[in-house]
Amino acid sequence: MYDPTSDWKDLTPQQAIQLQQQSASQVITRDDLPTITTVAGVDVGFENRDIARAAIVVLRLADLKPIDYAIARQPVPMPYIPGLLSFRECPVILEALAKLDRKPDLLLCDGQGIAHPRRLGVASHTGILTGLPAIGVGKSRLTGTHGPVPDDKGAWVPLEDKGETIGAVLRTRQGVKPLYISPGHRISLPTAIHYVMACVTRYRLPETTRWADGIASGRGWKWLDQLPERR
DNA sequence: GCGACAG
DNA sequence: ATCTTGTCGC
């Protein structure tokens, strides 16, 4: 099977861009989803400049309680280059996903989905590589323009680029910076917004992201105490 | 040529 | 992403 961990070895930025242009044509922006029972938060943190740590936390959509999780560590393959983030994070993410006992129905990844210069942000790339439905949940903008976002929870405005709507700038909570939501794979923008809001409680970030962030960033291993037993 | 630029 | 505590405001 295609293994980015080895196949992306010594990839030049130019080659990575070509790969993105090919893969982008495989992204599905229509709803092609199973019944969503579980959602997973996906995030990557760095122990230092050489080691990346991916954390995946699976939550039951009904009550947003964690039912499984996995962590993976790998040497960082390449430096951070805006637009090429997935080549840095996908390898570790795939390893962590493979360790899960319960495969999630939907992934909520840190970063962009199709709201990317070549329409292939980490969420889309992860979706293509795993075949799983995915949503991009970015804390800041990579590309695209938009008007002011009303200051009401749930309010959003389209994020556009080159004449097309590539995502939504969503106010998950009143009085906070909005989030950049975009389809990753096998999901439409309206449905993506729906599921992100379904994972939001009283904070700016959806619970999926909060759990994954807490574990991936090394601090708060206190979070682990609340996680279920693994078999 | 001059900025902008997910994590 | 990461270095880092308390503090101002709804």
Side-chain angles (χ1 to χ4, degrees), chain A residues 4 8 13 16-17 19-20 23-24 27 41-57 71-94 96 107-129 134-146 150-153 155 159-162 166-185 189 192 196 201-206 208-221:
Chain A
W8 289 356
I17 289 176
L19 232 163
Q20 291 186 318
S23 305
V27 173
V42 180
D43 187 39
V44 177
F46 297 83
E47 301 184 352
N48 53 58
R49 223 161 235 185
D50 307 308
I51 300 297
R53 173 170 48 210
I56 315 285
V57 182
I71 294 173
R73 303 172 69 244
Q74 274 183 32
V76 179
M78 61 183 278
Y80 169 68
I81 298 174
L84 300 182
L85 180 66
S86 64
F87 293 92
R88 228 170 109 85
E89 309 193 335
C90 281
V92 228
I93 289 175
L94 296 189
L107 303 177
L108 271 74
C109 309
D110 262 45
Q112 315 298 327
I114 62 170
H116 176 281
R118 290 167 294 282
R119 309 294 181 260
L120 195 79
V122 244
S124 294
H125 211 159
T126 300
I128 287 299
L129 294 172
I135 298 174
V137 180
K139 292 185 287 294
S140 62
R141 188 192 68 89
L142 202 214
T143 191
T145 59
H146 65 85
D151 193 29
D152 301 301
K153 179 172 182 174
L159 176 63
E160 357 207 71
D161 185 39
K162 298 172 182 173
I166 58 177
V169 188
L170 175 67
R171 190 82 68 183
T172 53
R173 188 200 152 155
Q174 173 218 90
V176 300
K177 288 178 45 178
L179 255 32
Y180 292 77
I181 309 305
S182 58
H185 186 48
L189 180 57
V196 168
T201 58
R202 55 177 304 199
Y203 305 96
R204 175 168 91 118
L205 301 175
T208 40
T209 304
R210 298 186 68 242
W211 278 97
D213 274 3
I215 296 174
S217 63
R219 63 192 138 137
W221 282 75

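Keep in mind that the numbers below use all heavy atoms, side chains included, and drop hydrogens, waters and symmetry copies. So you know, we letter chains A, B, ... as the sequences are listed, proteins then strands, and number each from 1.
Ion pairing between a basic and an acidic side chain is recognised when a charged N comes within 4.0 Å of a carboxylate O; K139(A) and D110(A) show such pairing. Here R119(A) pairs with D161(A) in a salt bridge; the nearest charged N to carboxylate O distance falls below 4.0 Å.
Nearest heavy-atom pair, I51(A) versus R73(A), reported as atom, atom and distance to 0.1 Å: CG2-NH2, 3.9 Å. S86(A) and H125(A) get closest at one heavy-atom pair: OG-ND1, 2.8 Å.
Between Y80(A) and the phosphate of dA6(B), there is a side-chain N or O to OP1/OP2 separation shorter than 4.0 Å. Phosphate contact (OP1/OP2 of dT2(C), side-chain N/O of R49(A), threshold under 4.0 Å): absent. Phosphate proximity of dA6(B) to S86(A): absent, as no side-chain N or O sits under 4.0 Å from OP1 or OP2.
Among the protein residues, G83(A) comes within range of the nucleic acid bases, having at least one heavy atom under 4.0 Å from a base atom. Within 4.0 Å (heavy atoms only), L120(A) reaches no atom of the nucleic acid at all. Residue G175(A) is out of contact with every strand shown, counting any heavy-atom pair closer than 4.0 Å.
For the pair L85(A) CG and dA6(B) P, the interatomic distance rounds to 9 Å; values are reported in whole Å. Computed from coordinates, the R141(A) CZ to dG3(B) C1' distance equals 11 Å when rounded to whole Å. Atom-to-atom, CD of E89(A) to P of dG7(B) comes out at 9 Å; the value is rounded to the nearest Å. Atoms NE2 (H146(A)) and C1' (dA4(B)) sit 14 Å apart, rounded to a whole Å. Spacing between atom OH of Y180(A) and atom C1' of dA4(B) amounts to 13 Å, rounded to whole angstrom units. Separating the CD1 atom of I81(A) from the P atom of dA4(B) is a distance of 20 Å, rounded to the nearest angstrom. Nucleotide dT2(C) holds its P atom 10 Å from the CZ atom of R88(A), rounded to whole Å. Q112(A) has its CD atom 10 Å from the C1' atom of dG7(B), to the nearest Å.
Cation-pi geometry between R53(A) and F46(A) is not satisfied (NZ or CZ under 6.0 Å from the ring centre, within 45° of the ring normal).
The side chain of L142(A) approaches dA6(B) more closely than any other nucleotide in the set dA6(B), dG7(B), dC10(C).
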